[in-house]
Amino acid sequence: MPTVHSVTYQLLRRQGLNVVFGNPGSNELPFLKDFPEDFQYVLGLHEGVVVGMADGYALASGQPVLVNLHAAAGTGNAMGALTNAWYSHSPLVLTAGQQARSMIGVESMLANVDAPSLPRPLVKWSYEPACPEDVPRALSQAIHMASLPAKGPVYVSIPHDDWGREVEEDATLVTRRDVHHAGTPSDAQLAGLAERLNRARNPVVVLGPEVDAEHANALAVELAERLRMPAWVAPSASRCPFPTRHACFRGVLPAAIAGISGKLEGHDLILVIGAPVFRYHQYAPGRYLPEGAELIHLTSDVQEAARAPMGDALVGGLYATLEKLLPTLTQSERAMPEPLPLPQPMADEPGRLAPESVFDALDALAPKDAIFVKESTSTVTAFWQRVEMRHPDSYFFPAAGGLGFGLPAAVGVQLARPERQVIAVIGDGSANYAISALWSAAQYGVPVVFIILRNDTYGALRWFSRMLDAEDAPGLDVPGLDFCALARGYGVEAVCTDTRDAFENALRQALNATKPMLIEVPTTTIEP
Ligand code: TZD
Ligand code: CA
């Protein structure tokens, strides 16, 4: 007879979830025993690292990924990382071990009496099967729930005495299911959209992370060229949906209400594709839209569509929608936008590089299809200006701003995409939230180039403290950190460089290495 254990591994294999990111405890051991040889277990030393690695893997592969956490304490440690996974629509199938069924009610050690409540509201679906026989079906539901649009994390709590239980042959039916989804706006809705776009006098397009997630980047370029539209990236960008040296490219919109309407002034139609409307951050109240502008929003996420405070929305798959829409759009006679000027080189201080110099060096030396995982909050604008990104899946930034994403996500992205070089650009503040990801990189030989920008401060908070009139706030500096020592402690070779030449040499060496390397760079503090 099949068991919960054997049917579950059949299911995972059939659905392509052969890589398990985890941190184990006693509750999880019956799941992990007899671990099949065609599966890979990737150990993270903290659950924030486990979820961060899985998140990177899921985002870069577009596929659901299995995470195995330890009960309540493990799930709790994972919650910060889940904020990012939720907002990046990352299809994570989180599982956690539970005490033996008969030991839950008495609240034994490691029992979670209300396991499904714990990860809410950061999961699409959360469940503890009512009986052992339901575990494989529940996991199948979890995988499909995570993968259907809008994608997102799900959670299943599994008592550890379930794994050895025998199940009926019919329980294996779930291992052979495919669940497909197709959806675009109706022909009439698309015709209405085309009519409004063709009629617009001065339209603009704002592109979000879902364009990149669906690999609709080239269609976005065609759309911008067809209507001769400037193309902005939606605020708080977590991915790069548009080639950054294209003539239509305008940069990333500021994350403030007044800032956005200021930048979009003069446009009569704003088309937002694959982003929430909008992911604001700084509080700068104002009008949502410039005078005389209409907004149309294309998204695959009903929640995003419903919660926007202005504009009309059409819900559907972005790639399919753009494919159907493009042939119905008339080639505009307007002039092409002028390409943005390239920024000037920046002078370095003795012993400290300008972050701009680091980025210029990266732009010059990194492979053109490198993947950047970025988590240094004060250098976002400079990075987008100076580092060319032209391919899909070139950029990942924490989607909810939850720090501790960058280091582990870089490891996960590199595991999912061994053919492209991953470069992690991480602030000296951010690096500490998930520093033990370096251990996983070293142990599994994942050749990420880690660059730590050490300005000895929470740079973005310095900036915020001026905006919020709170410059005297304590706790904004992080002096005394030695990332080379930390990296070596976790098994990663590291070097500190404080001149442009030394940085370039170290970077060349790291790019040629077949193992992870860390470069610590003392930098000046700039504004986001
Ligand atoms: N904790 C977590 C988990 N996420 C956060 N976003 C913060 C705290 C608050 N925070 C920011 O929003 S930016 C920032 C913090 C602490 C500073 C990050 O410093 P850094 O980068 O050194 O990584 P910069 O370039 O110096 O800003
Ligand atoms: Ca910093």
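Counting convention: from 1, in listed order, for ligands and their atoms alike.
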| said: Which residue and atom name correspond to the protein heavy atom nearest atom 18 (C) of ligand 1, and how close is it? | reply: Thr377 OG1, 3.4 Å
| Looking only at heavy atoms, is any part of Leu461 under 4.0 Å from ligand 1, and if so is it the side chain, the backbone, or both, or is it neither? | side chain
| task | List the steps and the verdict of side-chain hydrogen bond (donor to acceptor under 3.5 Å, both in side chains) for Asp393 and His215. | result | CA-CA 8 Å; Asp393 298 332; His215 292 181; 2.7 Å; yes
| query | Can you check whether Phe405's main-chain N or O pairs, donor with acceptor, with Glu375's side chain at less than 3.5 Å? | reply | yes
| field | Check ion pair Arg245-Asp363 (N to O, under 4.0 angstrom) | value | yes
| Interfacing atoms of ligand 1 (cut-off 4.0 Å, heavy-atom, Gly429) | 19 (O), 20 (P), 22 (O), 23 (O)
| note | Between the CH2 atom in Trp384 and the OH atom in Tyr395, the distance rounded to the nearest 0.5 Å is 6.0 Å
| request: Heavy-atom contacts with Ser376 under 4.0 Å: which atoms of ligand 1 show up? List them by number with element. | output: 21 (O), 25 (O)
| query | Any idea which N/O/S atom from Asp428 gets closest to the Ca ion (ligand 2)? | reply | OD1
| query | For ligand 1, which atoms, with element, lie under 4.0 Å from some heavy atom of Asn455? | reply | 26 (O)
| message | Apply salt bridge (charged side-chain N to carboxylate O under 4.0 Å, His left out) to residues Asp212 and Arg239 and explain how you reach the verdict. | response | CA-CA 7 Å; Asp212 190 51; Arg239 305 179 68 134; 2.8 Å; yes
| message | Only heavy atoms of Ser378, strictly under 4.0 Å: list the atoms of ligand 1 that pass. | response | 24 (P), 25 (O), 26 (O), 27 (O)
| remark: In ligand 1, the atoms that come under 4.0 Å of a heavy atom of Ala460 are 27 (O)
| message | Regarding Thr457, does it place an N, O or S atom less than 3.0 Å from the Ca ion (ligand 2)? | response | yes
| message | Under 4.0 Å between a side-chain nitrogen and a carboxylate oxygen: does that hold for Asp456 and Arg352? | response | yes
| query | Counting heavy atoms only, which of Tyr433, Phe405, Tyr458 is nearest atom 1 (N) of ligand 1? | reply | Tyr433
| message | Between Thr524 (side chain only) and Asn455 (backbone N and O only), is there a donor and an acceptor less than 3.5 Å apart? | response | no
| field | Residue and atom name of the nearest protein heavy atom (relative to atom 23 (O) of ligand 1), distance in Å to one decimal | value | Ser430 OG, 2.5 Å
| NZ or CZ of Lys374 within 45° of Phe396 ring axis and under 6.0 Å | no
| What atoms of ligand 1 come within less than 4.0 Å of a heavy atom belonging to Asp428? | 22 (O)
| request: Could you tell me if any non-hydrogen atom of Gly80 lies under 4.0 Å from any atom of ligand 1? | output: no
| For ligand 1, which atoms have a heavy atom of Thr457 less than 4.0 angstrom away? | 22 (O), 26 (O)
| remark: In this structure, atom 4 (N) of ligand 1 is nearest to the protein heavy atom Leu403 N, 3.2 Å
| When you check the gap from the basic side-chain N to the acidic O, do Glu493 and Lys515 get nearer than 4.0 Å? | yes
| request: Look at Ser376 and state whether any of its N, O or S atoms is less than 3.0 Å from the Ca ion (ligand 2). | output: no
| note | Residue, atom and distance of the protein heavy atom nearest atom 6 (N) of ligand 1 read Gly401 O, 2.8 Å
| query | Salt bridge or not for Glu265 and Arg287, using N-O below 4.0 Å? | reply | no
| query | Nearest protein heavy atom to atom 26 (O) of ligand 1, by residue and atom, and its distance? | reply | Gly459 N, 2.8 Å
| said: Let me check your reading of the structure: within less than 3.0 Å of the Ca ion (ligand 2), is there an N/O/S atom from Asp456? | reply: no
| said: If the threshold is 4.0 Å, N to carboxylate O, is there a salt bridge linking Asp369 and Arg390? | reply: no
| message | Do Glu28 and His70 pair up side chain to side chain, a donor and an acceptor below 3.5 Å, judged on atom types alone? | response | yes
